[in-house]
Amino acid sequence: RLAVWRWTLENSKDHPLGGGFDANRANSFTYHKRVTVGEGNNQSVQTVEITDEARAYHSAYFEMLGEQGWPGLFLWLWLQLLGLWQMERIRRRLGKSEDAGDKAWFSLATALQQGQVIYLVGALFVGIAFQSFIYMLIALQIALANIVRRQEKTQREEERKARLARNRELSAGSLEEVPA
């Protein structure tokens with residue numbers, strides 16, 4: 001795992017835009033391993049040279065770096081951070097609301113945020129950058145953010161209309177009190 005990560009960092013120096021999908025198939029590692037040969041009193045220890053090729057990244061972060069390069073890694077991280085930030089904004093906005101609908105959206109935002117944090121921690125050690133699960137979770141985050149934004153816009157519009165109606169009533173009442 002560490003050897004693949006080291007190879008990915010070295011490879012990204014030569015290929016900063018990445019190597020494309022399945023770029024890890026180009027990696028190769030040679031190392032020496034000590035093995036015991038023989039049985040009983042006839043045992044001896046020998047050093048054997050072993051070469052491994054096409055080892056998996058074992059990290060979504062290194063997978064993105066190796067396959068999509070630095071721009072791909074930064075875009076992927078930006079997408080992840082935007083999702084976490086957006087859910088936190090929703091949670092802070094709706095957390096103290098007594099409305100049942102707001103509580104439901106708060107709970108969903110919390111669940112989506114926690115799911116993404118769990119994914120990001122697991123992605124440190126598993127190459128799952130291109131699994132559809134996280135992109136479906138991000139799509140749900142986008143949908144939730146849009147729903148909450150529309151509800152807030154509708155609520156602001158209703159409050160504005162109510163203020164205008166009150167102002168009209170007040171101005172109509174003050175006009176009636178003025179003597180002719």
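These numbers come from a predicted model, not from an experiment. The first residue of the sequence shown is numbered 1, and numbering continues consecutively from there.
Partner Phe106 forms a side chain to side chain contact (heavy atoms under 4.5 Å, CB included) with one of Arg91, Arg92, Met87 and no other, that one being Arg91.
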Using the side chain to side chain contact (heavy atoms under 4.5 Å, CB included) rule, take Ile134 and Gln116 through it: C-alpha gap first, then chi angles, then the decisive distance, then the call. CA-CA 7 Å; Ile134 190 62; Gln116 189 169 18; 4.1 Å; yes
Between Gln86 and Leu82, does a side chain to side chain contact (heavy atoms under 4.5 Å, CB included) hold up when you go through it step by step? CA-CA 6 Å; Gln86 194 66 255; Leu82 278 176; 6.0 Å; no
Decide side chain to side chain contact (heavy atoms under 4.5 Å, CB included) for Leu112 and Leu144; before the verdict, give the C-alpha distance in whole Å, the side-chain angles of both, and the deciding distance to 0.1 Å. CA-CA 10 Å; Leu112 290 171; Leu144 176 59; 4.1 Å; yes
Give the C-alpha distance, both sets of side-chain angles, the deciding distance and a yes or no for side chain to side chain contact (heavy atoms under 4.5 Å, CB included) between Ile138 and Gln80. CA-CA 8 Å; Ile138 290 170; Gln80 303 300 329; 3.9 Å; yes
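The CH2 atom of Trp78 sits 8.0 Å away from the CH2 atom of Trp85 when rounded to the nearest 0.5 Å. Between Asp102 atom CG and Gln151 atom CD the span is 6.5 Å, to the nearest 0.5 Å. The OG1 atom of Thr154 sits 9.0 Å away from atom CZ of Arg150, with the distance rounded to the nearest 0.5 Å. To the nearest 0.5 angstrom, Arg156 atom CZ is 8.5 Å from Lys153 atom NZ. Separation of atoms CG (Asp99) and CG (Leu94) is listed at 9.0 Å; rounding is to 0.5 Å. Expressed to the nearest 0.5 Å, how far CD1 of Ile147 lies from CD of Glu152 amounts to 12.5 Å.
Placement of Leu17 and Leu75 in two distinct hydrophobic clusters is found when ILVMFWY residues are connected by side-chain heavy-atom separations under 4.5 Å, directly or transitively. Clustering ILVMFWY residues whenever any of their side-chain heavy atoms sit less than 4.5 angstrom apart, transitively, puts Leu120 in the very cluster that holds Val117. Following chains of ILVMFWY side-chain contacts shorter than 4.5 Å, one can reach Tyr135 starting from Leu137, so the two form part of one hydrophobic cluster.
One N or O on the side chain of Asn146 and one on the backbone of Ile142 form a donor-acceptor pair closer than 3.5 Å. A donor-acceptor distance shorter than 3.5 angstrom exists from the side chain of Gln113 to the backbone of Leu84, with no hydrogens or angles considered. Between the side chain of Ser59 and the main chain of Leu124, a donor-acceptor pair closer than 3.5 Å is present. Between the side chain of Tyr61 and the backbone N or O of Ala129, no donor-acceptor pair lies under 3.5 Å.
Here the closest non-hydrogen pair linking Pro71 and Pro16 is CD-O, 3.5 Å. Across Glu63 and Ile128, no two heavy atoms sit closer than the pair OE1-N, 3.3 Å. Nearest heavy atom pair, residue Ala145 against residue Ile90, reads CA-CD1, 3.7 Å.
No salt bridge links Arg166 with Glu169; every basic N to acidic carboxylate O contact stays at or beyond 4.0 Å.
Within 6.0 Å of CD on Glu39 lie no more than 12 heavy atoms contributed by other residues, nucleotides or ligands. More than 12 heavy atoms of other shown residues, nucleotides or ligands fall within 6.0 angstrom of atom CH2 in Trp76.
Using a 4.5 Å cut-off on side-chain heavy atoms (C-beta onward), Gln43 and Val37 make no contact.
Classification of the Tyr119-Phe133 ring pair by plane angle, with boundaries at 30° and 60°, yields tilted.
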